[in-house]
There are 2 protein chains.
Amino acid sequence: MLSGSCIYGLRAAIYVAAHTSNDSYVSIREISEKLGISFHFLTKILQRLTEGGVMKSHRGPGGGVTLARPAARISILEIVEILDGPDIFRSCILGLPGCGELQPCPLHKEWSQYRERLRSMFGRSTLSRLAGKVSEGRLRLADVPGK
Amino acid sequence: MLSGSCIYGLRAAIYVAAHTSNDSYVSIREISEKLGISFHFLTKILQRLTEGGVMKSHRGPGGGVTLARPAARISILEIVEILDGPDIFRSCILGLPGCGELQPCPLHKEWSQYRERLRSMFGRSTLSRLAGKVSEGRLRLADVPGK
DNA sequence: CCTAATTCAGATTAATCAGTCTTAAATTAA
DNA sequence: TTAATTTAAGACTGATTAATCTGAATTAGG
Ligand code: FES
Ligand code: FES
């Protein structure tokens, strides 16, 4: 469903939202260790989120990344569209070009409906709500829960 | 969402359902040309569908593949699970192991709901209904509609 | 029996994605 | 100014998937 990069980016973003307060920076090294993601790989993914306007970064001691906006105004839809491209919510389930514009495929009616629901569900899921769940509840972001 | 092989397999299966009557065989060459899919690649995909019990094949002149059962009793869910594995409707959206068994991730509640809806939608979509749409309506299975 | 048509099987290549490694640039603090 | 810390950038390797190619096995028809 989602690419590996996208999954890592989402988990990292939720982690940052849950572990940052008033614009403090979290180092990529810490995120990679806590979530069990390769450091260098994660660096590139977070760079793309920074370019995409979801995060901002700072170099040097005490640096790292943090959210570019309040977590309540960042949806996972935005992150998914940055990392996997905006077409995953627009493309044909049978891989045919021009879904919605040209002749539909036999699954178009059902699929486009479902696709739109998933999109809006992603749009409603903000980082603050997800991070809140992680902080308060008994939810996990990594295989071995390292808090 | 679905792998390339799976998309090809679905389109081919719908094509067969729409172009076969009372157990006549359709050659893989014909399917590959009409749908614009590499012949040898499609051969392997249809082999897996044959092993999976969805199709049966016959060699020699006049041979080819055909559905192993009436099209009304083959759902695209079955095809997807053969070609992409049964886990795509069971796995965590954040890629964590043990979805539904271990601690849930922050998106589990929403995701597992939509996942189940998609699964049942696929289960309700039989080859006969889809092939019917293709035959009667103005729907397409290939980029350049070659009937 | 012979030939053409066809699926089956395996090896090989190409492309994409995931992950690693090395070095540079920026920043902070002593 | 120097050293330590951190992200940025790019080259490189490895794994998985997609696609191609070659040849064998099976079958129908003359
Ligand atoms: S044309 Fe296939 S889903 Fe829209
Ligand atoms: S644990 Fe993530 S979707 Fe179930």
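In what follows, every chain begins at residue 1, and chains take the letters A, B, ... in the order their sequences are listed.
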**Asked** Is a donor-acceptor pair below 3.5 Å formed from side chain B:R59 to base C:dT7, judging by atom type as modelled?
**Response** yes

Separation of atom [atom1] in [X] from atom [atom2] in [N], rounded to whole Å:
X     : N      : atom1 : atom2 : answer
A:Y25 : D:dT6  : OH    : C1'   : 13 Å
B:I37 : D:dA18 : CD1   : P     : 13 Å
B:D84 : D:dT16 : CG    : P     : 16 Å
B:F41 : C:dT16 : CZ    : P     : 14 Å
A:H40 : D:dT7  : NE2   : P     : 10 Å
B:I28 : D:dT27 : CD1   : C1'   : 15 Å
A:L42 : C:dA18 : CG    : P     : 14 Å
A:E30 : D:dT6  : CD    : P     : 10 Å

**Message:** Closer than 3.5 angstrom, by distance alone: can the side chain of A:T20 be matched with the main-chain N or O of A:V16 as a donor-acceptor pair?
**Reply:** no

It should be established whether [X] places a side-chain nitrogen or oxygen under 4.0 Å from OP1 or OP2 of nucleotide [N].
X     : N      : result
A:H58 : C:dT28 : yes
B:S57 : C:dC8  : yes
B:S5  : D:dA18 : yes

**Message:** Nearest heavy atom decides the nucleotide; on that basis, is B:G60 or A:S38 closer to the 5' end of DNA chain C?
**Reply:** B:G60

**Test item: B:L77 and B:F89 side chains (from C-beta on) under 4.5 Å apart, heavy atoms** = yes

**Request:** Check whether any side-chain heavy atom of A:L118 sits under 4.5 Å from a side-chain heavy atom of A:R115, and report yes or no.
**Result:** no

**Message:** Heavy atoms only, 4.0 Å cut-off, all strands: where does A:Y8 land among base, sugar-phosphate and nothing?
**Reply:** sugar-phosphate

For [Y], is there an ion pair with [X] - N to carboxylate O distance below 4.0 angstrom?
X      : Y      : result
A:E136 : A:R129 : no
B:R119 : B:E81  : yes
A:R117 : B:E110 : no

**Request:** Return yes when atom CZ of A:R69 has more than 12 non-hydrogen atoms of other residues, nucleotides or ligands closer than 6.0 Å, and no otherwise.
**Result:** yes

**Message:** Among residues 43-54 of chain A, which ones have heavy-atom contacts with DNA chain D below 4.0 Å?
**Reply:** A:K44, A:Q47

